[in-house]
Amino acid sequence: MTRKTRPVSWIGAALKEFNTFPQPARSICLNALTIAAEGGKADVAKPMHGFGSGVFEIALPLQGEAFRVVYAVQLAEEIWVLHAFQKKSTQGVKTPKREIDLIGDRLKRLKEMLG
């Protein structure tokens, strides 16, 4: 049985930010997105709370840095990457409020756009 792989779409600003990640971080995140596109969930991905179901965060610690990619699986036929950022604070696991607000804003606009 062949599994249907869903396309992965990017909000432009998220892709631009993602492209600044070091190559090893990009590879791991792209692999996790591929797993999501095939209907699975990578070990580095976890549900992101506060946005309803279907929003996940790839949390990647790499060489003392923390990289995050946030994607939604329940919008249209695609998987949408909403945000990618490097978490500056290594103290505490909380995602900074400005990042949360940005994700919420992009999710809202995307839902409106996809109607």
Side-chain angles (χ1 to χ4, degrees):
M1 180 179 119
T2 57
R3 284 168 43 169
K4 184 180 179 319
T5 301
R6 295 164 64 194
V8 175
S9 298
W10 295 73
I11 286 180
L15 183 58
K16 195 171 159 199
E17 186 64 30
F18 179 75
N19 284 329
T20 68
F21 286 14
Q23 183 54 48
R26 289 202 312 260
S27 293
I28 295 166
C29 291
L30 287 172
N31 186 43
L33 288 169
T34 300
I35 292 168
E38 292 170 350
K41 186 179 81 58
D43 292 344
V44 292
K46 62 184 197 288
M48 184 148 200
H49 302 290
F51 298 106
S53 65
V55 177
F56 292 85
E57 176 181 47
I58 297 167
L60 183 67
L62 188 76
Q63 298 159 346
E65 308 283 347
F67 298 94
R68 300 285 185 266
V69 174
V70 177
Y71 64 94
V73 296
Q74 293 180 334
L75 297 173
E77 288 300 304
E78 296 125 291
I79 292 197
W80 277 92
V81 180
L82 302 170
H83 191 28
F85 62 102
Q86 184 173 349
K87 202 162 144 259
K88 301 298 184 212
S89 162
T90 49
Q91 285 79 38
V93 292
K94 272 177 70 85
T95 302
K97 183 178 178 348
R98 70 175 185 282
E99 307 292 358
I100 296 285
D101 291 345
L102 187 62
I103 293 161
D105 184 49
R106 287 181 181 172
L107 187 59
K108 185 170 157 268
R109 283 190 314 200
L110 189 58
K111 282 179 175 169
E112 287 166 1
M113 186 186 88
L114 296 171

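All figures in this text were calculated on a predicted structure; none of them were measured in a lab.
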Quick test of your reading: applying ring-ring contact (aromatic ring centres under 6.0 Å, His included), list the pairs with at least one residue in residues 95-114, sequence neighbours left out, ordered by first then second residue.
none
Hey, could you give me each pair passing ring-ring contact (aromatic ring centres under 6.0 Å, His included) that has a residue in residues 94-115? Not counting sequence neighbours.
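Not a single pair qualifies under ring-ring contact (aromatic ring centres under 6.0 Å, His included).
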Pairs where residues 43-52 contributes a residue and the test side chain to side chain donor-acceptor pair (under 3.5 Å) is met, not counting sequence neighbours:
Lys46-Glu57
I'd like to check the salt bridge (Lys or Arg N to Asp or Glu O under 4.0 Å) partners of [X]; sequence neighbours left out, ordered by chain and number.
X      : value
Glu17  : none
Arg109 : Asp105
Glu77  : none
Lys108 : Glu112

Just to verify, what does Gln23 make a side-chain contact (heavy atoms from CB on, under 4.5 Å) with, not counting sequence neighbours?
Arg26, Ser27
Sequence-distant partners of Ala76, side-chain contact (heavy atoms from CB on, under 4.5 Å), two or more places apart:
Glu78, Leu114
[atom1]-[atom2] distance between [X] and [Y], expressed to the nearest 0.5 angstrom:
X      : Y      : atom1 : atom2 : value
Arg6   : Glu38  : CZ    : CD    : 12.0 Å
Met113 : Arg106 : CE    : CZ    : 12.5 Å
Leu110 : Ile11  : CG    : CD1   : 5.0 Å

Over 12 non-hydrogen atoms of neighbours within 6.0 angstrom of NZ in Lys41:
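Counting neighbours around NZ of Lys41, more than 12 heavy atoms of other residues, nucleotides or ligands fall under 6.0 Å, so yes.
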Under a single-linkage rule joining Ile, Leu, Val, Met, Phe, Trp and Tyr whose side-chain heavy atoms are separated by less than 4.5 Å, which residues share a cluster with Leu30?
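Listed partners: Val8, Trp10, Leu15, Phe18, Phe21, Ile28, Leu33, Val44, Phe56, Ile58, Leu60, Leu62, Phe67, Val69, Tyr71, Val73, Ile79, Val81.
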What side-chain donor-acceptor pairs closer than 3.5 Å can you find for residues 96-103, not counting sequence neighbours?
| residue | atom | partner | partner atom | Å |
| --- | --- | --- | --- | --- |
| Lys97 | NZ | Asp101 | OD1 | 3.0 |
| Lys97 | NZ | Asp101 | OD2 | 2.8 |
| Glu99 | OE1 | His83 | NE2 | 2.5 |

